[in-house]
Structure formats: C-alpha cells, structure tokens
Amino acid sequence: MTSVTESPGARPAAPARLLGSSAGRALMVIVVLLVTIGGAGGLALARDSGARSAERPQGCVAPDRRIQLYAVELPRDPATNQIRLGYGLTPQTASYPGPTMEMIEGECLAITLHNQVPVATLEQLRTDPAHPLGVSLHAHGIKYTQLSDGTVHSNSYVPPGASRTYIWFAKPRDSRGSQGTAGYWWYHDHTVGGPHGTQGLGAGLFGGLVVRRQGDVRPDRTYVTAFGDRQTINLRRSQDADNCDEANPQPGPTCMIAKLGERIEFIVIGIGNDMHTFHLHGHSWADTRTGMVEGANEALIDSIPIIDNRTLGPGDSFGVQVLAGDSVGPGHWMLHCHMQFHSDLGMSTMLHVLDENGAMPPHGGPVPTAPAQSGSAPAGDAAGAHTNHR
Amino acid sequence: MTSVTESPGARPAAPARLLGSSAGRALMVIVVLLVTIGGAGGLALARDSGARSAERPQGCVAPDRRIQLYAVELPRDPATNQIRLGYGLTPQTASYPGPTMEMIEGECLAITLHNQVPVATLEQLRTDPAHPLGVSLHAHGIKYTQLSDGTVHSNSYVPPGASRTYIWFAKPRDSRGSQGTAGYWWYHDHTVGGPHGTQGLGAGLFGGLVVRRQGDVRPDRTYVTAFGDRQTINLRRSQDADNCDEANPQPGPTCMIAKLGERIEFIVIGIGNDMHTFHLHGHSWADTRTGMVEGANEALIDSIPIIDNRTLGPGDSFGVQVLAGDSVGPGHWMLHCHMQFHSDLGMSTMLHVLDENGAMPPHGGPVPTAPAQSGSAPAGDAAGAHTNHR
Amino acid sequence: MTSVTESPGARPAAPARLLGSSAGRALMVIVVLLVTIGGAGGLALARDSGARSAERPQGCVAPDRRIQLYAVELPRDPATNQIRLGYGLTPQTASYPGPTMEMIEGECLAITLHNQVPVATLEQLRTDPAHPLGVSLHAHGIKYTQLSDGTVHSNSYVPPGASRTYIWFAKPRDSRGSQGTAGYWWYHDHTVGGPHGTQGLGAGLFGGLVVRRQGDVRPDRTYVTAFGDRQTINLRRSQDADNCDEANPQPGPTCMIAKLGERIEFIVIGIGNDMHTFHLHGHSWADTRTGMVEGANEALIDSIPIIDNRTLGPGDSFGVQVLAGDSVGPGHWMLHCHMQFHSDLGMSTMLHVLDENGAMPPHGGPVPTAPAQSGSAPAGDAAGAHTNHR
C-alpha cells in the first residue's frame, strides 16, 4: 500500500487519515501508514500565503498531506461485460468504489492522479471524437480552484499517461461566516467520455469522501454504498451485492458486516440517472450532518426528524452513523432501495450484525408453517399452537 | 371492534391509542376501546428484563398493549380490477390504508397478525413458485428484532391461516445517545409475492404509524395520504380519490375534511416505484419532525425552511400538522402531486375546510367572464369594470 | 417599466421591492421604481380589519403595494417551436421566468393580472374542450384566500381580455404559533390547458418569489434557475442556457455572472414531470432556509448538513446564498443537473465569477498534453516533467 503522509506539525491532534481501500482491508482493522514529514519541509506547491493563488484555494497555505492516486482499467464486469475503471492508492489495489478519503476541517490535501487507463479504452468510452481523452478528479464539498475542477473547459484533466496534482481544501467553519466543509461527500471523474464524465463514473471512477469537524465522533467502521443505474449498489446487484462468506466474512463493498454495538458509518452516494432510496432495516438516524444529534436545546433537538429511509438523486451524498444492532440485536438486516422494482431487481444487500462474540448470527427462527387446517383465525391469544415463535 | 388493551400502570398519562380505521370511523370521533389489564399480569411474552431477548428489542421489558390485526382480501378495485388486500382490527373492518397506529415513545406493542388471505390469492400474487406463501408486518422507525422483521430470510412471516405476534418498541430519546423513534412512519407487508412484499403493499397491505414524544401537541384529526403507482393517492385517483358527499361528508381516506382552525395531521407515505410530491394549497409547514417549530433560539429557528411542497420517494414517510384554513379561511384546498402528468392523471384530491359552523363552504365566487371586447388591458386601476371579484 | 408602489407608512424600514425582470435589467443594477402613496389612502380593497374577508387572508388589513402583471404570448421557442408565454410588469417586458417577486414578512401585495394571451393560443393549449379558457396566478408559500387560489374550481382565473386582482400575504412569524412565510417560493399559472395549469407553466408562465424575514441578509444579485422537462434550465438547454457574451456580459436567466465576493442568491425551482438536482461547482451551502447558518448553539449548528447538490421534484423550490468564488477564486463554475443524461443533453450552464476587476477570467490553464511516451506512472513526486500545471 502506498505511503499516506501526514504533517502532524500543522495539526498535531488531527487524525487525518485515509480509510483503506475496502478490497485490501483486513477484517476489523483499518491500516493507515503514517509517515511524518518535517515541519520545515512541506510541498513545493505551497510558497506564498498572502496573494490569491490559481492552484490553491484561499486558506490553504500549504498541503498537509500528499497522496498518489492511480486510475486504471479493471477486469470487466462479469455479469454485464461492461468496462470497469477504478481509482487506487496503487495501481494494484484500484477498486470501485475507489479508496475512501478522509479529511478534517482545516486540512489541505494534494492528490496526484496518474492516468494509466489505456488509450484504446478511453477511445471506446468516448461519445464524441472531438472530446479529449483523459481522466480527472472532481470532488464535492471541499474547496478547489479551477485548476483542480477536473473539467474539460478548465483544462484540468489528465491525458493518458500523464499526471496532475489536485489540491483539495477542507475549509473550516469560522465565526466570519464560513459554514465549513464537514460532510459526507464523494469524488469522481468529470472527463471520461464527455464533459460530465458520465462514462467514467459509470465505469467505476468514484469514491467516498468524508470531511470531519474537530470533535466529531469517529466510527469504528465506514462503508460506502453508491446507488447507481441498472439497480446496482456499488455497481453490483443481487447476489453480487452481498457475497459475504458467512464462515469467514471479509468486510468490503460487497460484504457489510459489523459487530454488535460498533459504530458504523455509511457514506451514501447517488450516481447515474435514477432516483433511489437508502433504507436500512432495524436502524434509524437523525436527519442531520452525521445522523446523530446532540445539544442542550431540547425544543430544537425535538424538532429534528428521525428517519430510516432517505431518497437521493444523482450527485447527492450523505452519511449516517448508527450503532450496529442497537436495541434490535444481531441479525441479517436488509439494506435496500425502497423503490420496489429496484429492490426486486437486486438493489438490495445486507448489514450483517455479528453477535457479541463476533459470530455470524443464525437466521431468525424456524421456517413458519401453515396450520393443518388453514383459514381460521386464532381466538384471542397470540400464543396459539400455530404461532411459530416464542 | 377488537379490544385494544393498554397498561396504564406503566405510563399513567400516556395516551397511547389506536386511531380508528378510517373506514369504520364516525365523523369527528375517534373510537378507542381501552381495557385495563392488571399490573401484576402483562403478557406471557415478557419475562426477563435483563438478558437480550430474541423476541423483544432491548428496552422493552413487557408489551404495554396488545392488538389483533387481520390481513384479509377485499373486493377488487372497481376501476382496475386489481386484487385488493387490507389490514384491519377486525376482518370486517379491514381497509387500505390499514388502521393508523399510534404509539408514544417508551411504549412496547404486541401485534398479533392473523393471515386470512386465501391461499389461491397469495398464489396468484406470487412472482416465483419457490417463494413461500404468506403475509407479514414490517414497520419503519420503531425497534424490533429479527423475529419481527417481517421478512422471508428471517422466517418472520405468517403462512396462510397462521398467526404471529410482532413486537414493536418505540424506543425513547435519552441522554445516553438514543435519538428516539418519534416520527411519522408506516408499516407494510414484506412477503407477499416476493422478498420485498411488492405485491402485498401494492395490493393495499400498508398503513400509517405515528410515534409521539411526551409533550407533543396532539392533532384533532389524522389523515393518511399514500402516494403510489398509477398516480394514486391511497390507491385511488381522480374522482375516487375525493368522493366526499358535500351534504353529509364522512371523513376517511377519500374524504378529507376539517373544520376551520382544527389541527390536522397528515401522515404522508411514498409507496411503489415513482417519485411524488405532497403539495397542499393555502397551507405550509416547517420542515421538521412535526411540521411545527418551537424553541427559544431565534437564529436557529429562523434557519428552518418553511415549505408547502415536499418530494418523497418510495419508503419515505413524514408528517405535517397544520391548522385548517389558518389565515386563508374555509374552502376546497387542493392536495396534489406537483408532478404535472401525475396531477393531470388524477393524483389530486381536496382538503375541504368547513366554515366556523361546520358547513361545507361554497366555491370561490362567480364564474369569471371575458369582457365583451377582449384583448385590451386595463389602464392602471385593478378595480376596472371587467375585474370579476370585489 | 410599470410603477411599483410601496407604502412606507406601514413598515418604514421594509425594503419591499420587486427584483427587476432579468430581461430588462442592466448590468449589476437592480432598478426599482418606488412611488409613495399617502398613509390615509391605501387600496379600496381594504376596508375592515376585524371580520374575516373572502378576499384577504387574515392579518392583511390593507395591501401595502400594488403591482400590474401582464400575461402575454412571446415568440415561439427557436429550438423547439413550442408556444411560449410570459408574465411581465409590462406587456413589452414579459419573459420566462417572469419577474422575480420579493416580499418581506408582514407585507400584503395586490397583483392585478391582465390576460393578454390571444384566445386562439389558449384554445390551442387546451387539452379538453370543456375546460375554460384563461390564465391565473397561483403562488407557493404565502397566504391567500380561495379567491386568489388561481384555480378553476374556485373560479379564480382570468378569462382572455379580463383582469383580476390577487392578494398575497407574507404572514409573519409570531410567538402565537405562526411559522411565518419567509422562504424561496415561486408563482405560476394553474389554469392554462387543464385544471393544473400544466400547459401554462410548461409554456413559461412562472417566476420566482422570495419572502424575506426582518433582518435577513440581502444578496447583491438574485438568479432564478428553473429545472424543467426536456432537460432545460429556464426552458433552455445546451448553448441556449448560457449565451453570455464574454466581452460584454449582460446578466439574466441565460447569463449568470457575479463579481468575486458578491453575495449571490439562487432561487431554484422544479417544474414539469421530472426529478432534477441543482449542483454548483466550487460552492456549497447549508441546508437551511437561506443556505446560511448562524446562531450561538454550536452543537446544533454543527448538526446542520452542508451540501453542494440538492435534489428537487416538480413544485419544490428552495434558495441558497453563496459568496461568489469564495476561497476558490474566479472562474467558469458549472451549474448543472447531476442526473447524467440530463447534463449530457444540455441541462448545464455556468456561473461566471469575474475577477476583482470585473473582468471575465481566462480558462484554467494550458490544454494538458499527453507525455511523449505514455503508459508509465511518475515516480513519487507530483512535480514530474509531464505534470501540466504549476
């Protein structure tokens, strides 16, 4: 795994990190490799702090971290034979969704994108011969100048074989009117195929991005769920969207597991052309920035909606934190789009909440059977002979 | 009507009740039959309060109330000849939407569902011969274990002729991080036809559920409006969605009436496959848990959006409380989806706001007529001869 | 331009005004013509303040201002040859969107609508010969009686050649339970073609409406962006949605410009039949009434989501205020629907943020070129020879 560098000098307590790519992540462990760089050093990118810069958003004096990101072609989708592209911290670990990025307000990040997608593949995805070949990085929520917009009209894309450094700034909230940039966001290509990157993000060039605020509660585990076209979750559907090995589950975008009581964070993203809803059985959350709510103003807190199903359109992203199995216990909790024909076609997966011992729970009881003589209703007591549980 | 029991010992002031099924409800009266059960008794379901239970969510020591609920087949839809199913507190009063459930945070409810839908009907709705026959109860927002999930994979459905008791817990908000479950929710089948209950809820197996918080303002009247496929409100459209008898209006899912100044509550539910919007003429509400807002923090209160049109996707539910005719007076106020082809096809009904005397208001003035010589604009004053009102 | 009158006696400090129709607005200047009318006068409409009135919402003692509004036919859409109608403060300045209305809570407005649309045009748009011919004015968010509903069943429409005065009341927030009407709203026809005005608003009979609360921050510039069918923004798409003359840009619904640091307000409206999203590159906002957030309760402020992409359905409207180019600098910032096939088909325009001198910024750097020998990734340092910027 590529080195992820961090400048602790700037923000000693800032736990800025990169959530590991799900594909290469070990069970229940988030591997972060920290390499300290000297306070006197920093990137050559940052020289002046006063004058407005074309490269850096105002407030970013110097990038605090540098990341290498690779755009590569992956094996085609086995179900549809569609081209698949992915971002990765190394070419070998590229995946869709790409690595989940994590920043903290105040932090400035320099990401160098290396376009290793073959020219022939980009040509195949191009919808207009006049459109340039390239991949790019466009981020939601954080601050960037036109040079890091990732669009064709701003010339901020990366031709095949080239590299480009994008600067992201997680502008903090302040008392002078800035609302900050903390939130659940995403990043994606904005160039492959056409000026909106439709072919790039449809092929897999997207990932989750979370910007935390100082003091935010950190989750034990983060999952990205991108709702996309063809009724896919993370570009897979039906069996492929939940291929958890029950005997030896490996957490990842197609195996969402959690231990009872763990704080689980979902970064939910809408991509493509359709509306979807994120519904999770047994769990609910506040309709706030984090899914949680706190504060001393009872009346206002009481006015915040609690929800368990949220509609999202393409481009929308939000996040929720829930305690796995809180009050409801372990189990195989459905996570699906509530648009019925979407869920029926396979836009459905599971959050497997393991028991206290980390073991996969059994399914919920014996298979119910109809009474020998059907058609009659029980008289009063639910504890009748043909009631299957208890 | 089936007995609805309540344990006043646990929460003496808790006005936990069941809003009557609209079909069988008398004008302006909500009939609730309370049967007190001794404090020493309670349900056999609840024994222990410490250990985690597979039947009961944590925090539910013992169900406070028990309800019998029947799933039955109803006459086919007269307009489309579609199969109609309904939940009812008795088989005779089953309806679509089903009876509106009301809970208060802290309350635990045991609902015994009796599947009286004929086997042949369930077979006809089944999309896959391998899928089991049954109906179920899946609720949004409240807490339940896998045994009350209502899904096939958890074996928590009810075969034909059988019964099963579902335990719902309206977990309260507390200072230890629980956000509570107060909200406008719904319940529905998750088994008929396929693993997502698409055929069951499409046939009518759904209803509204409201969980109140201690201190919440109670409405004078509650209406459920479910926006569904084929541009239906409560599975009806056009004339059928508003068949109020103006001379003798009976409130119900197809006749929404209110007296001027009454506090009216709408539970709004999205079902099926399409996006819809809930728009009510002449009335607006805060985008909060209840549609109202209160508190002492002026700046934050001022930041809450006020809306009169809200988009919802399938699975979404929310509620609003409005004062009927507040400021705008009595009248026939349209309630419709603002998706134009939906409203044009009949996804439109009325909130009839009666005057101070409870009488249906007349329509809004004489029919306007064009001036004898059309085409000329009036010169300045609105009180011109061809202005029709005033 | 028609006189816009205001009664300063009622609310001396109230800066109630009408934002100029974009079509006739000069660069960076909002023309408002104020004509004071004596405190003793007022409109004949307002006589009594006690009894409930069929014409005026409760709380509106007397209209504070009067506006003349004309509905006229405009040249057909050059791209599609569709009929275009528009509202205007004069027949000559009618446009789509119509003039942006601005009110302040507490204000009451009398708008006299003159229907100058030719009978033949209205007949052509009619979907049912039994439907009456006419245009109307239906507003979201503010208060009005049935006589100002703009609907056919309330007889509050305007036949060809006739006029009708509509009364709008921006009910204020008060301590007795009123949530107020401050918000970003819109107004539209509800009569042309059918009972929902689908043909009228599809032809262009709509406009933005903002109701401010006392103390609200005022923007330097307001733009209306209506997302509609056929993937249009303000009923135009592709090149037509952004026809800014870079040498001499004239602000309007097809040329959105702003100077660096100006406070820009967008009134975002959904019309028609489809879902859309409002996404603006480089900028974000709080999900509140104004897009801003302030107050002393840190925990609650911290819970408000910050977003840069918002889904809206038909009938929805919201507003955001952003500081143009804040932190990110000048540039050509895309404003588009994130539904990919919508943006690809032309539902995309630009917010052109001019530099400190008011000059159009250049595009973002040289066109990137691929390295001579493609396919190899750079080794470590982003400042490699084939990196195009810096």
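In what follows, chains carry the letters A, B, and so on, assigned in the order in which the sequence lines appear, proteins first and then strands, with residues in each chain numbered from 1.
- The structure places CG of A:Asn309 at 4.5 Å from CG of B:Asp316, a figure rounded to the nearest 0.5 Å.
- In this structure, the portion of B:Leu201 lying under 4.5 Å from any heavy atom of chain A is its side chain and not its backbone.
- Taken to the nearest 0.5 Å, the NE2 atom of A:His336 stands 9.0 Å off from the OG1 atom of B:Thr151.
- When the candidates B:Gly295, B:Gly141, B:Gly183, B:Gly59 are compared by the number of heavy-atom contacts under 4.5 Å with chain A, B:Gly141 comes out ahead.
- With chain B as the partner, the residue from A:Ala286, A:Ala299, A:Ser343 showing the most heavy-atom pairs under 4.5 Å is A:Ser343.
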Working for ring-ring contact (aromatic ring centres under 6.0 Å, His included), residues A:His342 and B:His196: CA-CA 10 Å; A:His342 287 191; B:His196 289 277; over 10 Å; no

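- Distance alone, capped at 3.5 Å, places no donor-acceptor pair between the B:Thr145 side chain and the A:Val328 backbone.
- Counting heavy-atom pairs under 4.5 Å between each of A:Gly282, A:Pro305, A:Ser327 and chain B puts A:Ser327 at the top.
- Taking OG1 of B:Thr181 as the start and CD1 of A:Ile306 as the end, the distance is 8.5 Å to the nearest 0.5 Å.
- In this structure, the portions of A:His332 lying under 4.5 Å from any heavy atom of chain B include both its backbone and its side chain.
- A salt bridge between B:Lys171 and A:Asp326 is present, with a side-chain N of the basic residue lying under 4.0 Å from a carboxylate O of the acidic one.
- Heavy atoms of A:Asp344 lying under 4.5 Å from chain B belong to its backbone as well as its side chain.
- The CE atom of A:Met339 sits 9.5 Å away from atom CG of B:Asp229, with the distance rounded to the nearest 0.5 Å.
- Residues A:Asp308 and B:Trp185 form a side-chain contact, since some pair of their non-hydrogen atoms from C-beta on lies under 4.5 Å apart.
- Of the possible donor and acceptor atoms, none in the side chain of B:Asn155 sits under 3.5 Å from a partner among the backbone N and O of A:Pro368.
- Contact of the A:Phe341 side chain with the B:Asp274 side chain is not registered, since no non-hydrogen atoms from C-beta on lie closer than 4.5 Å.
- With a 4.5 Å cut-off on side-chain heavy atoms, B:Arg173 and A:Asp302 count as touching.
- The CE atom of B:Met292 lies 10.5 Å from the OG atom of A:Ser303; values are rounded to the nearest 0.5 Å.
- Donor-acceptor pairing under 3.5 Å is recorded for the side chains of A:His281 and B:His190.
- Classification of B:Arg289 and A:Asp287 as a salt-bridged pair fails, no side-chain N sitting under 4.0 Å from a carboxylate O.
- Expressed to the nearest 0.5 Å, how far CG of A:Asn297 lies from CG of B:Asn297 amounts to 5.5 Å.
- Under a 3.5 Å cut-off, the side chain of B:Ser154 and the backbone N or O of A:Gly364 do not form any donor-acceptor pair.
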Please determine whether ring-ring contact (aromatic ring centres under 6.0 Å, His included) holds for the pair A:His338 and B:Trp186, giving the CA-CA distance in whole Å, both sets of side-chain angles, and the decisive distance to 0.1 Å. CA-CA 13 Å; A:His338 221 302; B:Trp186 65 304; 5.6 Å; yes

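- With a 4.5 angstrom heavy-atom cutoff, A:Pro361 does not touch chain B via any of its atoms.
- At a 4.5 Å heavy-atom cutoff, the contact between A:Leu260 and chain B is made by side-chain atoms alone.
- At a threshold of 4.5 Å between non-hydrogen side-chain atoms, the residues A:Leu300 and B:Ile301 count as touching.
- Among B:Val211, B:Asp149, B:Ile142, B:Val293, the residue making the largest number of heavy-atom pairs under 4.5 Å with chain A is B:Asp149.
- With a 4.5 Å cut-off on side-chain heavy atoms, B:Lys143 and A:Ser284 count as touching.
- Note: A:Gly331 leads A:Gly331, A:Pro362, A:Gly329 in heavy-atom pairs under 4.5 Å with chain B.
- Considering only heavy atoms from C-beta on, B:Phe318 stays 4.5 Å or farther from A:Ile307 through its side chain.
- The existence of a salt bridge linking A:Glu298 and B:Arg213 is excluded, since no basic side-chain nitrogen approaches an acidic carboxylate oxygen closer than 4.0 Å.
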